[in-house]
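Contents: one structure, followed by commentary.
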Amino acid sequence: MLVFKLGAGLLASVLAVGAVAAGTSVDDGPAFTPGEFRNTALGKLISGNIGRAMVLRSELDVTDEQRAKVREVLKSHKDEIGGLLTKGIEQRRALRDATSTDDPDEEAIRAAADQLGKTIGEAAVLKAKIRSELRPHFTDEQVKRVEEFMNERDASIDKFLQKKFGT
């Protein structure tokens with residue numbers, strides 16, 4: 001749960017914020033070169049979240065038994081996870097292709113987005129199922145700390161969006 005939640009949460013943050021803000025620099029100056037990404041607002045947001053995740057990992061004090069349980073549960077859902085990841089990637093590419101044409105078809109774009117949305121829904125249901133299987137193997141304190149991390153991550157994203165876009 002913790003590994004899955006951290007990885008999925010971080011990926012979701014990167015994708016959501018990256019889709020909106022890729023290429024915006026801290027000073028709103030010219031686009032950055034690849035080596036300067038860490039100095040952009042988005043780069044700082046991502047590195048800050050990675051840093052917080054690393055601190056969380058050390059603070060959780062996960063036991064070998066807990067790690068083994070995470071592996072066991074994730075392995076038991078390996079085919080479901082892999083299938084949804086593959087499906088989601090294919091559908092994301094289809095959506096990208098639909099929006100990248102010289103003559104975009106609104107109906108095709110909406111259909112591709114709907115399909116991707118359904119897969120995201122399936123993944124959310126699977127995540128909830130896996131979380132419920134893993135929750136009994138972690139202490140209340142560990143779960144509380146992960147929830148605090150998620151709230152901190154959300155707050156950092158909100159701060160970024162407010163600063164960059166006034167939303």
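Residues: numbered from 1 along the sequence shown. Model, not experiment: these values are computed from the prediction. Atom set for the values below is all heavy atoms of this structure, side chains included, hydrogens, waters and symmetry mates excluded.
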> For residues 59-85, which residue pairs qualify under salt bridge (charged side-chain N to carboxylate O under 4.0 Å, His left out), counting only residues two or more places apart or in two chains?
Replying inline: Glu59-Arg145, Asp64-Arg67, Lys69-Glu72
>> I need the Met54 CE to Ser47 OG distance, nearest 0.5 Å.
In response: 11.5 Å
>> Main chain of Gly88, side chain of Gln91: is a donor-acceptor contact present, judged purely on distance under 3.5 Å?
In response: no
>> I'd like to check the side chain to side chain contact (heavy atoms under 4.5 Å, CB included) partners of Ile120; sequence neighbours left out, ordered by chain and number.
In response: Leu116
>> Grouping I, L, V, M, F, W and Y whenever their side-chain heavy atoms are under 4.5 Å apart, do Leu74 and Leu85 come out in a common cluster?
In response: yes
>> Quick one, Ile81 with Ile130, criterion side chain to side chain contact (heavy atoms under 4.5 Å, CB included). Give me CA distance, side-chain angles, the key distance, then yes/no.
In response: CA-CA 10 Å; Ile81 294 168; Ile130 291 170; 4.0 Å; yes
> Looking at His77 and Leu126, what are the two nearest heavy atoms and their distance?
Replying inline: ND1-CD1, 3.8 Å
> In Å and rounded to the nearest 0.5 Å, what is the OG1 to NZ distance from Thr40 to Lys164?
Replying inline: 8.5 Å
> Is Met150 reachable from Val55 through a run of I, L, V, M, F, W or Y residues, each pair having side-chain heavy atoms under 4.5 Å apart?
Replying inline: no
>> Keeping Thr119 on the side-chain end and Gln115 on the backbone end, is there a donor-acceptor pair under 3.5 Å?
In response: yes
> At what distance, to the nearest 0.5 angstrom, does CD1 of Ile109 lie from OG1 of Thr99?
Replying inline: 6.0 Å
> So how far is it from Asn151 CG to Ser156 OG, rounded to the nearest 0.5 Å?
Replying inline: 11.0 Å
>> As an exercise, state the distance from CG of Asp154 to NZ of Lys159, rounded to the nearest 0.5 Å.
In response: 15.0 Å
> Under the salt bridge (charged side-chain N to carboxylate O under 4.0 Å, His left out) rule, what pairs show up with a residue in residues 96-122, not counting sequence neighbours?
Replying inline: Lys87-Glu122, Glu106-Arg110
> So if you build clusters from Ile, Leu, Val, Met, Phe, Trp, Tyr with side-chain heavy-atom gaps below 4.5 Å, do Leu95 and Leu84 land together?
Replying inline: no
> Can Val146 and Val143 be said to form a side chain to side chain contact (heavy atoms under 4.5 Å, CB included), step by step?
Replying inline: CA-CA 5 Å; Val146 170; Val143 171; 5.8 Å; no
>> Out of the candidates Arg153, Arg131, Arg135, only one should pair with Glu147 under the salt bridge (charged side-chain N to carboxylate O under 4.0 Å, His left out) rule; please name it.
In response: Arg131
> So, does Ser132 use its side chain to make a donor-acceptor pair with the main chain of Lys129 at under 3.5 Å?
Replying inline: yes
>> Testing the basics here: between Ala53 and Phe149, what is the closest heavy-atom pair and its distance to 0.1 Å?
In response: N-CE1, 3.5 Å
> Do Val70 and Phe138 have side-chain heavy atoms sitting under 4.5 Å apart?
Replying inline: yes
